[in-house]
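Throughout, a chain's letter reflects where its sequence line sits, starting with A, and its residues are numbered from 1. Worth knowing before you read on, the calculation uses all heavy atoms, side chains too, and leaves out hydrogens, waters and symmetry mates.
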Amino acid sequence: MDFPKNFDFNTIEQKWRDFWEERKLYESKPNPSKPKYSVVIPPPNVTGILHLGHVLNNTIQDILARRARMQGHEVLWLPGTDHAGIATQTMVEKDLRAKEGKTRRDVGRDVFLRRIWDWKEKHGGIIINQLKRLGCSCDWSRERFTMDADYSHWVSHVFAELFRKGLIYRGKRMVNWCPASLTALSDEEVIAEKQKSKLYTMRYEVVERPGTWLEISTTRPETLMGDTGVAVHPDDDRYRELVGLHVWRPFPRVAIPIVADAAVEKDFGTGCLKVTPAHDKVDFEIGMRHGLEIIDVLNPDGTLNAHAGPEFEGMERFKARRKAAEKLAEMELLVKEEDYENNVFFSERARVPVEPRLSMQWFLRYPSVPEATRAVADGSIAFRPDRWAKTYAHWMENIQDWCISRQLWWGHRIPVWYRKDLADDLRGRGSLDAADLAAGEIHVGTEPPADADLWVQDEDVLDTWFSSWLWPFATMTAVGERSATLQKFHPTTDLVTGPDIIFFWVARMIMAAFEFEGTVPFRNVYFTSIIRDKQGRKMSKTLGNSPDPLDLMAKYGADGVRFGLLRIAPSGQDVKFDEKQIEEGRNFANKLWNACRFRLMQGDRSGSVPPPAGRGIYQIDILAKLDTLTADVEKAYGDYQFNAVAQRLYEFFWSEYCDWFLESVKADLQSGDPVRVQPVVATMDEVLSRFLRLLHPYMPHITEELWETLGYGEPGVFLMHTPLPEQVALHGVDPQLVATARERVAAVFATVTRARHLKAEYQLGANRNTRFHLQPVAEHASWIGGELPVLRQLCGAAEILLGTPCDGPAPRALSDLGELAMPLEGLIDLAAEAARLTKELAKTEDELKKVAAKLGNETFVSRANPEIVQEMRDREKAFTERGEELQKMIASLRQG
RNA sequence: GCGCGAUUAGCUCAGGGGUAGAGCACCUGAUUCACACUCAGGGGGUCGCAGGUUCGAAACCUGCAUCGCGCACCA
């Protein structure tokens, strides 16, 4: 036989990957005769490379898609990538700087964009190929990219529509500014992190009352040059009489007013707040209320500008902070400097603190908010786990306008054109909205104005999420069209994504679908685990704690990685990653491989076999366990419990099938008697052919290979399209017969465990010549005789004497079938043996005490469920008998 | 500050009102036997703490502690 001992995943996985794809088996048609199953991929960044989060997320989608396909659904799993504005632009800019020493402004917008497209053409497919390596069964012919022409058309269309509806406007607002990427960010792209910083307390002298000082605390002394006022609470008696006077800002030395504003907390610090309207949202609002001047002291890149004075101009902001504190100290204006912990807001992508910055940006008032909120609340869209619905509801109820413009070049350019002759005025105008459209001063639409020469387009691009929120339908149809694909597959069935993008993406998609398609975009949202390293830290490139899934697949196979990861990924809970677990996945694949190898060694199926009811108890037992497995798996899928599915598959196959069933039928197989061999082989085929189908969604490659090798399928039909039989394996078999078989098998197996334990105690674990005496209990005495060959096989015993007492001292144990003894002819260590049995007796007595205590409690007997009371009585009886037996055994040991 | 989650064996996690579980790790033994990516056996836990409900709580309730996450935020 040329069937190798180990599963060669590299060759076999590639073989099936290529095969499935060449045969176009993943492609979907809007076939009206089959029920649909659809899911759109959360588009990874086109610049991205696969990480474990992608592996988990996409394996789950693949499992769902493959399972649906096997169940006869028409499956659309639509793949694609997004253009990842900031990340991609930053990467190409770095490349440009490294290779040519130039910035994007040196080469200009057109050349720069061409470079990005070139880069995308060359490298943009990496992650898609990695997904293919993983075995993802996406319809690759439908791959979409958020910058595709059709897709871009959708983005402009949606912008124009929302603008016309008055939901998009332009305005000068305080936004989150990223000094590294030089763009505005939305509130969602900013993360608060606790930082150990300093709280500086300084003093400003009151202009009108020299010698009177106001003490003011701040964490950001570097912005004091932009201070245009000091605020106190209107009810604060300490400062009431100073309101309306001025203080000296120390540098540049200017008199600034003291104002009263309720936004100030009396009890924080000194109760005085320095007001820097250009650099803080609250300060900005206070400034507006009191007509304070706005002085921006920072450049876009976070260095200080001329307003900060010559000493500070050009200085980096954190260096300036230290310098400002030093300067205050020199001027004897620094009262104290304390350690302090506060929240600092970081740019999620660039990992630098953002600056609140006043700038002209485009904003969206979210559409279809009530519909989107209701859809999740009433279950039209089911979140799993459903606790995320609360998080979603909270965000929806406190929803803020979305800053959608980005000061980047890579992305969908804002489809707004200004009349050239009015451009300067329009650019500076405080607000711009649908009203200006009517005036003919601007043009908003999917196409430039006809007389394009007279117009100039807005420079900014849209947030990448402003394109991906359209993903479910914009990938399926063009604007103004209702394609067959859309009609068949939208809304999609499931969305699989991480809870970290619930606001970024999930919530926005729901609103977009309601607004533009009048429906939900998906029925179910499954939130995956977040994968952490062994220490519980998030995986990140900087920490270097993220293993490369490609390396893992090279080491353990795609199937091994998929299974290993899924088995440990609880729903919606973080998971700590350990490569050991992937190794287990590979080991499982190998176990399956070898079990099938073992099947092949039994030769071809031939001859007639009795129906299941006519087969041996081990065969009925394993088929019953297979049916239980099938039901359990079904239920776990219904609850989206992917780890439970994997766990049950693993447990059934490794323990129930290989460790117990196969071992218990080896005597039959080795007998060479066709009457004994053939039913067993038929049972093996029944189990394997069903099991391969159950496992296929998790381990598609190896199962397809084994399916073919074992010849279970009809010619030309692949496992990936083969449903489970409609009937269970034990269909029509008398339940009483099954129950009896299961009880007997359980008793045999439990007895085997006792016997093996006895052997191991005497270092005879591997000895195949042991002899046992078994004194059967009455209820089992009638049938044990027929099972002696199996008992011998499983115990590794040369002989089991039934009903023949074993005289004299010998290691003994109580088993489900009766007392077991293992005569050792003088080798027995009486003291050790007595100690062992005494320990067991103590355990039994402990249990007996617990049970007796319960039964002695009158309220228990009167109030507990009668079944429980009966169970306790049974247990009391069993433990009592067991205790008596053990005492006898100990006594006989002492006699000997 | 508000909300969500976690706390069970050395580690990673299941479970869930009635005998405390799995895998890994560890210890012992096994290699002509489908598989050493294997097999057999073993040790190991007052289920975070304190109250309460109950005949009975690891599980349900209430507090608390610790850790993680999200939202908000006082400079």
A.B. asks: Look at the side chain of A:D227 and the backbone N and O of A:G229, then say whether any donor-acceptor pair between them is shorter than 3.5 Å.
C.D. replies: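 Checked: no pair found.
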
A.B. asks: Taking only the side-chain heavy atoms of A:D659 (C-beta and beyond), determine which of B:G41, B:C13, B:C39 contains the nearest atom.
C.D. replies: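 Among the listed nucleotides, the one closest to the side chain of A:D659 is B:C39.
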
A.B. asks: Relative to A:Y204, does A:R249 satisfy both conditions: NZ or CZ under 6.0 angstrom from the six-membered ring centre, and within 45 degrees of the ring's axis?
C.D. replies: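 Not satisfied by the 6.0 Å and 45° rule.
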
A.B. asks: Considering only the P atoms, how many Å lie between B:G18 and B:G56, rounded to the nearest integer?
C.D. replies: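 Roughly 14 Å separates the two P atoms.
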
A.B. asks: Return the value, rounded to whole Å, for the distance between atom CD of A:E840 and atom P of B:U19.
C.D. replies: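 So the two atoms are 19 Å apart, to the nearest Å.
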
A.B. asks: Go nucleotide by nucleotide along RNA chain B from the 5' end; which of A:I868 and A:Q400 gets its closest nucleotide reached first?
C.D. replies: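 It is A:I868 whose nearest nucleotide is closer to the 5' end.
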
A.B. asks: Would you mind classifying the nucleic acid contact of A:E583 as base, sugar-phosphate or nothing, using non-hydrogen atoms under 4.0 angstrom?
C.D. replies: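 Answer is nothing: A:E583 stays at 4.0 Å or more from every strand.
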
A.B. asks: Verify the contact: side-chain N or O of A:K850 to OP1 or OP2 of B:A20, cut-off strictly under 4.0 Å; return yes or no.
C.D. replies: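 Answer is yes, contact under 4.0 Å.
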
A.B. asks: Take a 6.0 Å sphere around CD of A:E867 and say whether it holds more than 12 heavy atoms from other residues, nucleotides or ligands.
C.D. replies: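 Check fails, neighbour count at 12 or below.
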
A.B. asks: Between B:C37, B:A75, B:A22, which nucleotide has the shortest distance from any of its atoms to the side chain of A:Q647?
C.D. replies: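 Side chain of A:Q647 sits closest to B:A22.
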
A.B. asks: Reckon A:C658 touches a base, only the sugar-phosphate, or nothing at all at heavy-atom distances under 4.0 Å?
C.D. replies: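 The residue A:C658 makes base contact.
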
A.B. asks: Which word best sums up how the rings of A:Y366 and A:W402 line up, parallel for under 30°, tilted for 30 to 60°, or perpendicular for over 60°?
C.D. replies: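 Judged by the thresholds at 30° and 60°, the geometry between A:Y366 and A:W402 is parallel.
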
A.B. asks: Consider the side chain of A:R875, meaning its heavy atoms from C-beta on, and name the nucleotide among B:C35, B:C69, B:U19 that approaches it most closely.
C.D. replies: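 Among the listed nucleotides, the one closest to the side chain of A:R875 is B:U19.
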
A.B. asks: Backbone N or O of A:P277 within a donor-acceptor pair of the A:D283 side chain at under 3.5 Å?
C.D. replies: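 No, the answer is negative, given that no donor and acceptor are paired below the 3.5 Å cut-off.
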
A.B. asks: Taking only the side-chain heavy atoms of A:T218 (C-beta and beyond), determine which of B:A75, B:A34, B:U19 contains the nearest atom.
C.D. replies: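 Closest nucleotide to the A:T218 side chain: B:A75.
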
A.B. asks: From B:C35, B:C55, B:G5, pick the nucleotide closest to the side chain of A:A864?
C.D. replies: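 So the nucleotide nearest the side chain must be B:C55.
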
A.B. asks: Is it true that A:K555 and A:E579 have a side-chain N and a carboxylate O under 4.0 angstrom from each other?
C.D. replies: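 Here A:K555 pairs with A:E579 in a salt bridge, since their nearest N and O are under 4.0 Å apart.
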
A.B. asks: Kindly say whether the aromatic ring centers of A:F527 and A:W388 come within a distance under 6.0 Å.
C.D. replies: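 Close enough - the centres of the two rings lie under 6.0 Å apart.
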
A.B. asks: Between B:A20, B:C74, B:A34, spot the one nearest the side chain of A:K666, thanks.
C.D. replies: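 Of B:A20, B:C74, B:A34, B:A34 is nearest to the side chain of A:K666.
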
A.B. asks: What does A:R756 touch in the nucleic acid at a heavy-atom separation under 4.0 angstrom: a base, only the sugar-phosphate, or nothing?
C.D. replies: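 It contacts sugar-phosphate atoms only.
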
A.B. asks: When the C1' atoms of B:G16 and B:G21 are compared, how many Å lie between them, rounded to an integer?
C.D. replies: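 B:G21 and B:G16 have their C1' atoms separated by 12 Å.
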
A.B. asks: Students often get this wrong, so: under 4.0 angstrom with heavy atoms, is A:Y340 touching a base, only sugar-phosphate, or nothing?
C.D. replies: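 If one applies the 4.0 Å heavy-atom cut-off, A:Y340 turns out to touch the sugar-phosphate alone, with no base involved.
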
A.B. asks: In residues 268-280 of chain A, which ones come under 4.0 Å of RNA chain B, going by heavy atoms?
C.D. replies: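 Nucleic-acid contacts, sorted: A:F268, A:L273.
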
A.B. asks: Is B:G16 paired to anything, Watson-Crick or G-U wobble with both distances less than 3.5 Å, and if yes, which nucleotide?
C.D. replies: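 For B:G16, the partner nucleotide comes out as none, under the 3.5 Å rule.
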
A.B. asks: Expressed as a whole number of Å, how far does the C1' atom of B:G29 sit from that of B:G43?
C.D. replies: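 Per the computed distance, 15 Å lies between those C1' atoms.
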
A.B. asks: Out of B:C37, B:G23, B:A75, which has the shortest distance to the side chain of A:E584?
C.D. replies: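 Of all the options, the side chain of A:E584 is nearest to B:G23.
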
A.B. asks: Quick test: give all pairs of protein nitrogen or oxygen and nucleotides 26-29 of chain B nitrogen or oxygen below 3.5 Å, distance rounded to 0.1 Å.
C.D. replies:
from, atom 1, to, atom 2, distance (Å)
B:U28, O2', A:Q763, OE1, 3.4

